[in-house]
Amino acid sequence: MSGITQRYGARRRRSMEFHVYFAMIFLLAIPFKMWRWIVHVIRRRSLNVRGPFARAWAEADRITPIIFSA
């Protein structure tokens, strides 16, 4: 991993407001992602998919920066 540049290690510290919005979006996304996960498991008949919490986390991680970039 010596070829990785320093820019990937330097991240801006996120504010308390960012964390509050992230938590709210995460908690709101859980029921919807739980439903979609159940439907996905029933259709595929396999538990070999990302769980509802991982899906909700990814959704919050995708939406929250968009809110703060506006």
How far does [atom1] of [X] sit from [atom2] of [Y], to the nearest 0.5 angstrom?
{"X": "His40", "Y": "Arg50", "atom1": "NE2", "atom2": "CZ", "answer": "10.5 Å"}
{"X": "Leu28", "Y": "Glu59", "atom1": "CG", "atom2": "CD", "answer": "10.0 Å"}
{"X": "Ile25", "Y": "Arg62", "atom1": "CD1", "atom2": "CZ", "answer": "10.0 Å"}
{"X": "Thr64", "Y": "Tyr21", "atom1": "OG1", "atom2": "OH", "answer": "10.0 Å"}
{"X": "Arg36", "Y": "Arg55", "atom1": "CZ", "atom2": "CZ", "answer": "7.5 Å"}

May I ask whether [X] and [Y] are part of the same hydrophobic cluster, defined by side-chain heavy atoms of I, L, V, M, F, W, Y residues being less than 4.5 angstrom apart, directly or through others?
{"X": "Ile66", "Y": "Met24", "answer": "no"}
{"X": "Val41", "Y": "Val39", "answer": "no"}
{"X": "Leu47", "Y": "Ile38", "answer": "yes"}

- With sequence neighbours left out, what residues match His19 under side chain to side chain contact (heavy atoms under 4.5 Å, CB included)? Arg14
- Task: Flag the pair Phe32 / Trp37 as yes when their ring centroid distance falls below 6.0 Å, and as no otherwise.
- Result: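 Centroid distance Phe32-Trp37: not below 6.0 Å, so no.
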- Task: For Ala60 and Pro65, work out which heavy atoms get closest and say how close.
- Result: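 In this case the closest contact between Ala60 and Pro65 is O-CD, 4.2 Å.
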- Note on the structure: Nearest heavy-atom contact between Pro52 and Lys33 is O-CB, 3.7 Å
- Trp57 vs Phe22 aromatic rings, parallel, tilted or perpendicular, using cut-offs 30° and 60°? perpendicular
- Using the six-membered ring wherever Trp is involved, compare the ring planes of Phe53 and Phe26 and label them parallel, tilted or perpendicular (cut-offs 30° and 60°). tilted
